[in-house]
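All chains are named by letter (A, B, ...) in the order of the sequence lines, taking the proteins before the strands, and each is independently numbered beginning at 1. Note that the structure is a prediction, hence the values are computed from the model and not measured.
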Amino acid sequence: MKFYITTPLYYINAEPHIGHAYTTIAADALARFYRMADYDVFFLTGTDEHGQKIAEAAKKQGVSPQQLADKNSETYKKLWKNLGISYTRFIRTTESSHEKVVEKVFRKLLEKGDLYKGEYTGHYCVPCEGYYIPEDEDSPLCPDCKRPMNKISEPSYFFRISKYAGRLRKYIEEHEFVKPDFRKNEVLNLIKSGVCDVSITRKNVEWGIVSPTPEKYTVYVWFDALLNYLSGIGYLHDEGLFEKYWPANVQLMAKDIIRFHNVIWPCMLMALDLPLPETIFAHGWWITGKEKISKSKGNAVSPGKIIEEYGVDALRFFLLREVPFGLDGEYSDETFKKRYNSDLVNDLGNLVNRTVNLVETKLSGTVAYSDTDNGLAEISAAAYENYEAKMKALALSEALEEAWKLVSALNKFLDEKAPWREGSTGVKQVLYSTVSGIRDCAIMLAPFIPESSLKIWRILGLPGDPCEYNFAALREKLPDGLTTQKREILFPRKK
RNA sequence: GGCGGGGUAGCUCAGCGGCAGAGCAGCCGGCUCAUACCCGGUAAGCCGGGGGUUCAAAUCCCCCCCUCGCUACCA
């Protein structure tokens, strides 16, 4: 079984902020989950590097657009490395293999008659890089940034979305394609309210892929960027790879680019006679106070700073645990600290620490195999079963809740058995079961907090890396004679 | 304006015809292996307002109020 997951390509004119990290971390957790569930996973992410904004930013900095792109895409790569992102491939839209695919697709659709030449008239907002209908025709202001827009009229090639809109509408109605569910109606309304053919070339934008037409236009950045989902797995140049992974199983993005992914993108695929992805999932935004976090609003929360203060796993955990995947979340240092201290420090970290301490003091650090029948194995199995279902449904926060049921059960189990008490019986069995349960936690949590899972693994004296085990390991008995290693505070408490 | 979601404990939310729930915060107690942790108990709600259907309504129907989305760029 294969699993192909994508994030959008991030537009490199901005520093990566928590929103970019959010999408990518979610995709990473899913990729890791499916790997551990024994799927053949392809996880694609990358950067979107064309367009007028990039050209202008480069000019301002006195470098070429390509130089700027090289530098900024590196920033993303670095952050992903720091966040433990296990992508299969990092694609850049300036790669020649991608550019060739865009050209080929353009030609293909042109020949098919799905692209045609027309005249585009509209108001263009340079900073927002978009065409909008202004409220006031006489003094057109961008509806978003309120800056004046230019009226533009130019020849352009259009993509015949209108030809596919009906088919798409029917498809969306009949399939579990648009996710979360509450978006389905929104998208259907979007389509019903009339979908215009979109202009996909720009006459006056130089930094972009040149259209294979008599006139040398550049390809509109979105048309260019969306095709990465195909080019990134070999479309039209590595058919074996492509056949293996297409269609995508999950395509993640934030809710603001739903339109591109749920309307334009599937129409492009239909025009190319390709099957549609299984799921297009739009998650919510992180806001501070009442505002969306974005660079232009100047309220960006820096993932780098959080990592420095709390560690990578704390950030990964917070983002995926705090808010039901799909809804907006409010970010604040307070909520972060609270979630960190209560879940990671108190529940999980302390559980590991107290258990290992008991193994050291009561069993001289060695956990011998014990036949046990105390209900913990059942709790673990049930937790996993629910966790697996939640993961497959993309209910990431709920999957974590399921795993936490085991964490809580283990803390409770220890309290009830009180192996530290004078004359406590069955200490060996109790600690064997507890350690085994912690092992199971480490496995289930590995997709979310891989670094910490590995630490737990090592502290328990288990060989290898939980990420390299698959979930089948949950059904195996904990090996005999494990020797716990030096205790380590997994998550230091924050005041 | 059109379409849609939501208003339930102090906070975040689940429940969507059959005794009002969870997590967090609060309070009380227990434990003292552990990162002042952990475990147990407990209080707390005219389920936005009004009307209706029903043996029975937080839940279904109608009206109203408030609120948030989408309709229009950015993860």
Side-chain angles (χ1 to χ4, degrees), chain A residues 7-11 13-14 16-27 45 48 53 124-135 142-145 180-190 192-194 221-222 252-260 282-286 290 292-297 300 322-324 327-330 335 338-339 341-362 397-398 401 404 407-408 410-421 424 427 430-431 434 487-495:
Chain A
T7 75
L9 297 196
Y10 305 111
Y11 202 49
N13 72 326
H17 55 65
I18 202 154
H20 301 105
Y22 185 39
T23 315
T24 314
I25 289 170
T45 188
D48 178 9
K53 264 197 274 191
Y124 186 73
C125 177
V126 176
C128 298
E129 210 164 64
Y131 291 83
Y132 307 102
I133 300 152
E135 281 178 31
C142 173
D144 183 43
C145 69
D181 298 326
F182 64 87
R183 297 283 176 203
K184 189 165 172 171
N185 200 28
E186 265 176 44
V187 172
L188 284 172
N189 275 339
L190 236 174
K192 278 180 215 161
S193 69
V221 284
W222 270 106
L252 289 184
M253 74 232 43
K255 64 182 185 180
D256 45 84
I257 49 176
I258 282 177
R259 184 190 154 77
F260 295 100
H283 65 247
W285 285 336
W286 284 97
K290 285 205 171 90
K292 182 201 162 192
I293 292 171
S294 74
K295 202 196 175 190
S296 53
K297 299 238 166 76
E322 184 65 17
V323 161
L327 303 184
D328 289 354
E330 197 168 325
T335 34
K338 206 161 142 188
R339 182 59 79 183
N341 278 336
S342 102
D343 290 9
L344 293 177
V345 177
N346 296 348
D347 293 347
L348 179 62
N350 185 53
L351 169 67
V352 174
N353 193 43
R354 69 195 296 216
T355 303
V356 173
N357 182 58
L358 286 165
V359 172
E360 278 172 12
T361 55
K362 299 289 170 188
S397 68
E398 292 176 37
E401 285 181 58
W404 239 254
V407 174
S408 299
L410 290 167
N411 272 319
K412 183 173 179 170
F413 177 74
L414 272 185
D415 278 353
E416 278 169 359
K417 302 294 180 187
W420 52 86
R421 206 174 288 152
S424 168
V427 172
V430 167
L431 293 179
T434 310
R487 272 198 286 162
E488 177 187 356
I489 296 300
L490 289 171
F491 305 101
R493 172 173 306 281
K494 294 288 177 186
K495 294 293 170 199

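The nearest whole Å value for the distance from the CG atom in A:Asp256 to the P atom in B:C70 is 9 Å. In this structure, CZ of A:Arg354 is placed 14 Å from C1' of B:A36, rounded to the nearest angstrom. For A:Arg421 and B:C31, the CZ to P distance is 9 Å, given to the nearest whole Å. If you measure from atom CG of A:Leu358 to atom P of B:U32, you get 12 Å, rounded to the nearest angstrom. Here the P atom of nucleotide B:U67 and the CG atom of A:Leu327 are 21 Å apart, to the nearest Å. Taking atom CG of residue A:Leu348 and atom P of nucleotide B:A34, one finds them 18 Å apart after rounding to whole Å. Separating the CZ atom of A:Phe182 from the P atom of B:G5 is a distance of 12 Å, rounded to the nearest angstrom. Whole-Å rounding puts the A:Trp285 CH2 to B:C73 C1' distance at 10 Å.
Nucleotides B:A20 and B:G45 have their P atoms positioned 14 Å apart, rounded to a whole Å. Comparing B:G49 with B:A56, their C1' atoms sit 22 Å apart, to the nearest whole Å. With both ends at atom C1', the span from B:G17 to B:C55 equals 12 Å, rounded to whole Å. When the P atom is compared between B:G15 and B:C33, the two are found 43 Å apart, to the nearest whole Å. One P atom belongs to B:C37, the other to B:C24, and the distance between them is 13 Å to the nearest Å. For the P atoms, the distance linking B:G21 with B:U42 amounts to 12 Å, nearest Å. The separation of B:A9 from B:A22, taken at their P atoms, amounts to 13 Å, rounded to a whole angstrom. Rounded to a whole angstrom, the distance from the C1' atom of B:A58 to that of B:U8 is 7 Å.
Separating the CD1 atom in A:Ile25 from the OG1 atom in A:Thr7 is a distance of 12.0 Å, to the nearest 0.5 Å. Considering CG of A:Leu351 and CG of A:Asn411, their distance stands at 4.5 Å, rounded to 0.5 Å.
Within the 3.5 Å criterion, the main-chain N or O of A:Lys494 finds a donor-acceptor partner in the side chain of A:Asn341.
Minimum atom distance to the side chain of A:Leu190 is reached by B:U71, of the listed B:A34, B:U71, B:C74. Looking at the side chain of A:Trp420, the nearest of the listed nucleotides B:C33, B:C37, B:U35 is B:C33. In the set B:C33, B:G69, B:C37, the nucleotide with an atom closest to the side chain of A:Glu186 is B:G69. Of the candidate nucleotides B:C39, B:C37, B:C3, B:C37 has the atom lying nearest to any side-chain atom of A:Asn350.
The base-pairing partner of B:G45, taking Watson-Crick or G-U wobble contacts with both distances under 3.5 Å, does not exist among the strands shown. Searching all strands for a Watson-Crick or G-U wobble partner of B:G21 with both distances below 3.5 Å returns B:C13. Nucleotide B:G4 forms a Watson-Crick or G-U wobble pair with B:C68, both donor-acceptor distances falling under 3.5 Å. Partner assigned to B:C60 is B:G52, using Watson-Crick or G-U wobble distances below 3.5 angstrom.
For B:U35, one of the phosphate oxygens OP1 or OP2 lies less than 4.0 angstrom from a side-chain nitrogen or oxygen of A:Asn353.
Within 4.0 Å (heavy atoms only), A:Phe260 reaches sugar-phosphate atoms of the nucleic acid but no base atom. Counting non-hydrogen atoms under 4.0 angstrom, A:Trp222 reaches the backbone sugars and phosphates but no base. Across all strands shown, A:Tyr10 has heavy atoms under 4.0 Å from sugar-phosphate atoms exclusively, and none from any base. Within 4.0 Å (heavy atoms only), A:Arg259 reaches sugar-phosphate atoms of the nucleic acid but no base atom. Across all strands, A:Leu188 comes closer than 4.0 Å to no nucleic acid atom at all (heavy-atom distances). In this structure, A:Asn185 reaches the sugar-phosphate backbone alone: every heavy-atom distance under 4.0 Å involves primed, P, OP1 or OP2 atoms, never a base.
Annotation: cation-pi geometry satisfied between A:Lys255 and A:Trp285 (NZ/CZ under 6.0 angstrom from ring centroid, within 45° of ring axis).
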Filtered N/O pairs between nucleotides 24-26 of chain B and protein, under 3.5 Å:
from, atom 1, to, atom 2, distance (Å)
B:C24, O2', A:Lys338, NZ, 3.3

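The ring pair (Phe, Tyr, Trp, His ring centres under 6.0 Å) check on A:Trp404 picks up A:Phe317, with sequence neighbours excluded.
For the pair A:Arg339 and A:Leu490, both in contact range of RNA chain B, the more 5′-proximal nearest nucleotide belongs to A:Arg339.
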